[in-house]
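Report on one structure; see the data block that follows.
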Amino acid sequence: MVKMLRRGNSHMPDMEEYGASSSPGARPGLDARFFARSVHRVAPELIGAVLMIDGVGGVIVEVEAYDHEDPACHGFGGRTERNAAMFGPPGRAYVYRSYGIHWCLNVVCEPEGIASAVLIRAIEPTLGLEAMQARRGLSDPRLLCAGPGRLCQALGITRAHDHARLDTSPFALLPRAAEVPLAVGPRIGITKAADRPWRYGLARSRFLSKPFPR
DNA sequence: ATTTGGATTTCCT
DNA sequence: GGAAATCCAAATC
């Protein structure tokens, strides 16, 4: 399924309103106010945004939403040491260890105390390609950041970034510049609440972790 | 093209 | 002890 995301409508303020972390001459980044809303509104708006760490990164092409009433959400069963960031302020990173091997990056949403987050699942690598290729031991751009574990390896994201703000150094997060064709479908790799269509992607992108069913 | 097993942390029963 | 928001390579269809 493909539809166009509109930039502004009567229910939702324009994304330009949310920028606060501006520096002279730079487009304002997405800050805590942008993320202090329903995770189901935030997630699709992240498609097309640019994520960087120390200048390395690219365009977000795939995310998934996890809300506080969602059995698949890590915060659903209450706070633990691992998921503590999900219960903290919005706009921060929640980084967890997946299958004992990989790191996965989320951005915390909703007002503080409501455990929800957007899992960043894939980006199109555009900035600092050589750094990403070196960390991944791969050259094929299509495989560099196509998956939550892969993109964390490419960007050098680890537990050290858990709780970090995404609107200040070393991170930067810029809103998408224009409308994007959006794909929607069920989330990947979960067993609980697997039917909920809360995976969003840039339609027909070659940099997705998997194509969207059509 | 699709399936399988191994690597290994964190949390829950 | 076992499952999990994963990835990779090897084997088999």
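Quick caveat: nothing in here was measured; it's all calculated off a predicted structure. Chain A is the first sequence line, chain B the second, and so forth, proteins listed ahead of strands; every chain is numbered from 1. Quick note: numbers below take in every heavy atom, side chains included, and nothing from hydrogens, waters or symmetry partners.
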message = From NE2 of H102(A) over to P of dT8(B), roughly how many Å is that when rounded to an integer?
response = 11 Å

Nearest-nucleotide pick for C73(A), side chain only, options being dA5(C), dC12(B), dT10(B) = dA5(C)

ask   = Given the P atoms of dC13(C) and dG5(B), what is the spacing between them in whole Å?
value = 13 Å

task = Calculate the interatomic distance between Y94(A) atom OH and dT10(B) atom P; express it in whole Å.
result = 11 Å

Interatomic distance, R82(A) CZ vs dC12(B) C1' [rounded to whole Å] = 11 Å

key: Complementary nucleotide of dA3(C), counting Watson-Crick and G-U pairs under 3.5 Å   = dT10(B)

remark   = Rounded to whole Å, the OH-P distance (Y99(A) to dA5(C)) equals 6 Å

Identified side-chain contact (heavy atoms from CB on, under 4.5 Å) partner of V63(A) from the options V118(A), I123(A), L119(A) = V118(A)

request  = Please report, rounded to the nearest Å, how far the P atom of dA5(C) is from the CD1 atom of I101(A).
outcome  = 15 Å

key: Whether Y66(A) stacks on the six-membered ring of dA5(C) base, 5.5 Å and 30° limits   = yes

inquiry  = What is the distance, to the nearest angstrom, from the CG atom on L143(A) to the C1' atom on dC7(C)?
reply    = 11 Å

inquiry  = What's the gap between dA3(C) and dT4(B) when it is taken at their P atoms, as a whole Å value?
reply    = 16 Å

ask   = Rounded to the nearest Å, what distance is computed from the NZ atom of residue K210(A) to the C1' atom of nucleotide dA5(C)?
value = 13 Å

query = Of G189(A) and R136(A), whose nearest nucleotide on DNA chain C comes first from the 5' end?
reply = G189(A)

message = Just the rounded figure in Å: distance from C1' of dA5(C) to NZ of K192(A).
response = 10 Å

inquiry  = Just to be sure I understand the rule, does R199(A) reach a base, reach only the sugar-phosphate, or reach nothing, if contact means heavy atoms closer than 4.0 Å?
reply    = nothing

